[in-house]
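Below, chains carry the letters A, B, ... as their sequence lines are ordered, and counting in each starts from 1.
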Number of protein chains: 2
Amino acid sequence: MGHAATSGTRFNGTNMSLKHAILTLLETEQGSGYDLLKRFKERLGFFWNASHQQIYLQLKKMHSEGLIEFETQTQQGKPDRKVYHITKPGHDALMQWIETPIKISKVNDGLLVKLYAGHLVDISVIQKEIAEHKDMHTRMLNTFLEFEKDFKALNSEQKKQFSLPYLTLRRGILGEHAWLQWAQEVEEYFK
Amino acid sequence: MGHAATSGTRFNGTNMSLKHAILTLLETEQGSGYDLLKRFKERLGFFWNASHQQIYLQLKKMHSEGLIEFETQTQQGKPDRKVYHITKPGHDALMQWIETPIKISKVNDGLLVKLYAGHLVDISVIQKEIAEHKDMHTRMLNTFLEFEKDFKALNSEQKKQFSLPYLTLRRGILGEHAWLQWAQEVEEYFK
DNA sequence: AATTTATATGCAATAAGTTGCATAATTAGT
DNA sequence: ACTAATTATGCAACTTATTGCATATAAATT
């Protein structure tokens with residue numbers, strides 16, 4: 001007994017923030033808050049999640065800090081679009097962040113707290129919830145596998161171009177596989 | 001193209017909070033803030049992380065809400081211990097939480113943002129950081145495997161008693177395995 | 001014709017988590 | 001004797017994230 005799971009250097013380094021994820025997206029291509037929201041969902045969904053409120057608020061803050069600028073596009077009928085682009089200070093801040101060690105990402109999983117406390121209730125309550133989560137994870141895995149199929153259909157030059165995003169996609173795929181494998185172990189334990 | 005990773009029912013249900021993790025721990029056994037900190041590290045470390053500041057603050061809040069009570073143990077020399085125990089309202093709140101659907105846990109991994117943005121810097125910067133994270137994950141996996149060894153050495157009655165915590169441990173083990181497998185893929189890609 | 005979904009943006013209040021500081025005694029190691 | 005680690009608690013300031021509300025148009029569906 002007595003080996004602590006969280007020990008030593010586990011939480012060192014600079015904190016990650018939404019800010020740098022946004023800078024990364026704007027570095028490649030300018031866009032509005034709504035554009036960024038879509039990019040988060042479509043391109044970073046397997047390793048970063050952000051709500052529209054969070055994004056709009058962060059953009060406002062980053063603008064006040066001079067990391068980004070915007071041009072207002074008055075559209076026919078539709079609400080105005082603020083198209084943000086990264087500035088030199090924004091680019092520098094991103095570069096500096098990339099070179100600074102980052103913390104290991106924190107895990108806080110409520111479902112496992114429930115499982116841990118499962119003796120307090122009829123275990124079917126927990127089983128049911130795990131089954132629901134399993135559905136969600138299965139859907140996510142399938143989405144990720146679709147992305148992978150798209151990637152594999154590319155020619156070798158395009159593959160090279162998208163290799164880094166692809167590696168992040170692999171993280172999503174392997175992570176979901178592991179989750180589902182675990183869920184199966186749990187199911188087998190309970191049956 | 002166009003399959004969104006985050007879609008539909010991904011973020012529904014009640015939010016998990018530190019509160020219920022603490023209630024879960026106090027449900028089994030009373031303890032001080034420091035005791036709880038240790039229990040988080042030793043027993044929930046693979047699925048929940050909390051700092052001492054967070055725990056003390058949360059305990060104060062939960063006490064003001066009537067979910068927990070404490071008795072002050074004046075010790076010889078050492079600072080006073082506030083030994084908290086769960087109350088009836090606290091137990092009820094925990095039970096209600098367990099039966100309420102929980103959100104899928106959010107993933108926000110800064111390391112993957114860096115990898116995604118890896119084209120902006122010399123890739124060795126990213127490789128080096130991934131290698132460091134790999135060390136941390138390896139250490140964590142080894143810690144988890146020690147726990148598993150302890151569990152497997154138990155007799156069948158004890159095994160039954162600790163089966164739910166063991167299943168949460170399995171999540172940690174499978175998760176770390178998946179992480180390391182991914183890191184290997186990344187390394188192989190870059191070599 | 002009516003409803004829903006998507007586009008497009010934002011504020012306010014609250015909750016949750018981090019960082020840095022502060023105190024104070026005991027125990028273990030050098 | 002000195003130093004470091006462990007035990008034990010907490011405040012204050014700040015950052016980050018969530019929840020709920022609010023507005024308004026266009027396009028697609030029923």
Item to check | Rounded distance in Å - CD1 (B/Ile22) to C1' (C/dA16) | outcome: 12 Å
Checklist entry - Within the pair A/Lys103 and C/dT19, is there a side-chain N or O less than 4.0 Å away from OP1 or OP2? => result yes
Item to check | Of the listed nucleotides D/dT9, C/dG10, D/dA17, the one nearest the side chain of A/Tyr84 | outcome: C/dG10
Item to check | Spacing between B/Tyr34 atom OH and D/dT6 atom P, to the nearest angstrom | outcome: 8 Å
Checklist entry - Is it true that A/Arg81 and A/Glu71 have a side-chain N and a carboxylate O under 4.0 angstrom from each other? => result no
Checklist entry - Once you round it to whole Å, what is the distance between P of C/dA16 and CG of A/Asp109? => result 16 Å
Checklist entry - Can you pull the salt bridge (charged side-chain N to carboxylate O under 4.0 Å, His left out) pairs that have at least one residue in residues 154-165 of chain B, sequence neighbours excluded? => result none
Next on the checklist: Taking the basic N atoms (NZ, or NE/NH1/NH2) and the acidic carboxylate oxygens, is any pair closer than 4.0 Å for A/Glu185 and B/Arg171?
Outcome noted: no
Checklist entry - Could you give the CG-to-P distance, from A/Leu36 to C/dT7, as a whole number of Å? => result 14 Å
Checklist entry - Whole Å only: how far is the CG atom of A/Leu18 from the P atom of C/dT18? => result 16 Å
Next on the checklist: If you count every heavy atom of other residues, nucleotides or ligands that lies below 6.0 Å from A/Gln96 atom CD, does the total exceed 12?
Outcome noted: no
Checklist entry - Distance check: side-chain N/O of B/Lys38 vs OP1/OP2 of D/dT6, anything under 4.0 Å? => result no
Next on the checklist: Rounded to whole Å, how long is the line connecting atom CH2 of A/Trp48 with atom P of D/dA17?
Outcome noted: 6 Å
Item to check | Strand-adjacent residues in residues 50-60 of chain B, judged by heavy atoms under 4.0 Å from DNA chain D | outcome: B/His52, B/Gln53, B/Tyr56, B/Lys60
Checklist entry - Distance check: side-chain N/O of A/Asn108 vs OP1/OP2 of C/dG17, anything under 4.0 Å? => result yes
Checklist entry - Under a 4.0 Å N-O cut-off, is there an ion pair linking B/Asp92 with B/Lys88? => result yes
Item to check | Residues forming a side chain to side chain donor-acceptor pair (under 3.5 Å) with B/Gln158, sequence neighbours excluded | outcome: B/Asn155
Checklist entry - To the nearest angstrom, how far is B/Arg81 atom CZ from C/dT26 atom P? => result 16 Å
Checklist entry - Could you state the NE2-P distance from A/His20 to D/dT15, rounded to the nearest angstrom? => result 13 Å
Checklist entry - OP1 or OP2 of D/dT16 sitting under 4.0 Å from any side-chain N/O of A/Lys61? => result yes
Next on the checklist: I'd like to know if B/Glu148 pairs up with B/Arg170 as an ion pair, taking the criterion as any Lys NZ or Arg NE/NH1/NH2 lying under 4.0 Å from an Asp or Glu carboxylate oxygen.
Outcome noted: yes
Checklist entry - Distance check: side-chain N/O of A/Lys41 vs OP1/OP2 of C/dA6, anything under 4.0 Å? => result no
